Amino acid sequence: MCMKNLRWYDKDKYLSAFMTLLQGLPEDVQSEVAVDILLQVPKIIDKDFKTFIKIVADHNPKQYQRWYDKNPNLHTAIESIRQLTPVQREKLLSSISDIIIKHTNQNPFEFGK
């Protein structure tokens with residue numbers, strides 16, 4: 001496998017597991033998960049909220065062809081995760097686990113670090 005062709009979230013086994021599970025969920029559940037993630041991100045980031053909104057608003061899902069771009073909430077949630085630093089992403093992962101369990105009763109990953 002060529003490393004340079006990995007998607008950004010496949011570089012982290014937890015994010016990769018989350019994205020795989022998320023992709024298989026019904027669209028309404030994807031939306032619910034996305035909204036819950038978007039509610040958690042401002043609690044994680046150290047930046048001011050206006051900056052965060054600008055970062056997310058700069059992405060237009062209509063310009064992309066990825067599976068998560070079809071749902072504006074999902075696109076915004078995934079892009080916001082992508083914009084986080086590795087430390088911020090790590091903090092968000094436990095919340096993501098709780099969100100997924102809440103909506104699906106499935107845990108996409110274990111936190112045994």
Side-chain angles (χ1 to χ4, degrees):
M1 176 188 255
C2 187
M3 293 296 285
K4 69 179 180 179
N5 291 332
L6 277 180
R7 294 170 294 199
W8 66 270
Y9 52 81
D10 286 333
K11 295 175 184 173
D12 179 295
K13 65 182 179 180
Y14 298 116
L15 280 176
S16 183
F18 161 68
M19 293 294 285
T20 299
L21 177 61
L22 187 62
Q23 187 172 8
L25 295 176
E27 286 183 28
D28 60 326
V29 178
Q30 288 177 345
S31 287
E32 292 169 9
V33 168
V35 168
D36 283 355
I37 288 171
L38 288 171
L39 292 172
Q40 288 299 315
V41 170
K43 298 174 185 175
I44 302 281
I45 62 173
D46 297 327
K47 304 173 201 164
D48 67 275
F49 196 65
K50 287 180 185 176
T51 302
F52 172 70
I53 293 295
K54 182 182 177 341
I55 288 170
V56 174
D58 284 345
H59 294 278
N60 179 359
K62 291 180 178 29
Q63 296 175 344
Y64 305 107
Q65 301 298 315
R66 300 167 300 201
W67 64 268
Y68 56 86
D69 294 330
K70 296 176 182 109
N71 178 325
N73 287 337
L74 194 56
H75 169 84
T76 303
I78 301 305
E79 285 301 319
S80 66
I81 294 169
R82 190 170 68 84
Q83 296 293 330
L84 296 175
T85 67
V87 171
Q88 291 168 333
R89 244 186 243 147
E90 186 73 27
K91 289 179 187 175
L92 185 63
L93 283 176
S94 62
S95 296
I96 286 175
S97 178
D98 293 342
I99 290 166
I100 291 292
I101 291 168
K102 172 182 155 186
H103 291 286
T104 68
N105 294 321
Q106 297 178 63
N107 187 349
F109 33 73
E110 299 294 327
F111 292 90
K113 290 184 182 180

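Because the structure is a prediction, the values reported are computed rather than measured.
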Hey, mind stepping through L74 and W67 against side chain to side chain contact (heavy atoms under 4.5 Å, CB included) and telling me if it holds?
-> CA-CA 10 Å; L74 194 56; W67 64 268; 3.7 Å; yes

For Y68 and E79, what are the C-alpha separation, side-chain angles and deciding distance, and is it a side chain to side chain contact (heavy atoms under 4.5 Å, CB included)?
-> CA-CA 10 Å; Y68 56 86; E79 285 301 319; 4.2 Å; yes

Using the side chain to side chain contact (heavy atoms under 4.5 Å, CB included) rule, take L22 and Y9 through it: C-alpha gap first, then chi angles, then the decisive distance, then the call.
-> CA-CA 12 Å; L22 187 62; Y9 52 81; over 6 Å; no

Passes side chain to side chain contact (heavy atoms under 4.5 Å, CB included), Q88 versus Q83? Steps please.
-> CA-CA 9 Å; Q88 291 168 333; Q83 296 293 330; over 6 Å; no

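Looking at every heavy atom in both residues, R89 comes nearest to L84 through NH2-O, 3.3 Å. Closest heavy-atom contact between A77 and A34: CB-O, 3.7 Å.
From T20, atom OG1 reaches atom CG of L25 across 11.0 Å, with rounding to the nearest 0.5 Å. Atoms CD and CD, on Q30 and E27 in that order, are 6.0 Å from each other to the nearest 0.5 Å. Between N73 atom CG and I78 atom CD1 the span is 11.0 Å, to the nearest 0.5 Å. In this structure, CD1 on I101 lies 12.0 Å from CD1 on I96, to the nearest 0.5 angstrom. If you take OG on S95 and CD1 on I100, they are separated by 12.0 Å, rounding to the nearest 0.5 Å.
Under 4.0 Å is where a charged nitrogen must lie from a carboxylate oxygen, and between K102 and D36 at least one such pair does.
Checked by atom type and distance alone, the side chain of S97 never pairs as donor or acceptor with a backbone atom of L93 at under 3.5 Å.
In this view, E32 and H103 satisfy the side chain to side chain contact (heavy atoms under 4.5 Å, CB included) rule, not counting sequence neighbours. In this structure, D98 has no salt bridge (Lys or Arg N to Asp or Glu O under 4.0 Å) partners at least two apart in sequence or on a different chain.
Under the 4.5 Å side-chain heavy-atom criterion for ILVMFWY residues, a single connected hydrophobic cluster contains both L21 and M19. Using a 4.5 Å cut-off between side-chain heavy atoms of Ile, Leu, Val, Met, Phe, Trp and Tyr, with links allowed through other members, L39 and V41 fall into different hydrophobic clusters. If you chain together hydrophobic residues whose side chains sit under 4.5 Å apart, L92 and V35 never meet in one group. Taken together through direct or relayed side-chain contacts under 4.5 Å among Ile, Leu, Val, Met, Phe, Trp and Tyr, L15 and I44 form part of one hydrophobic cluster.
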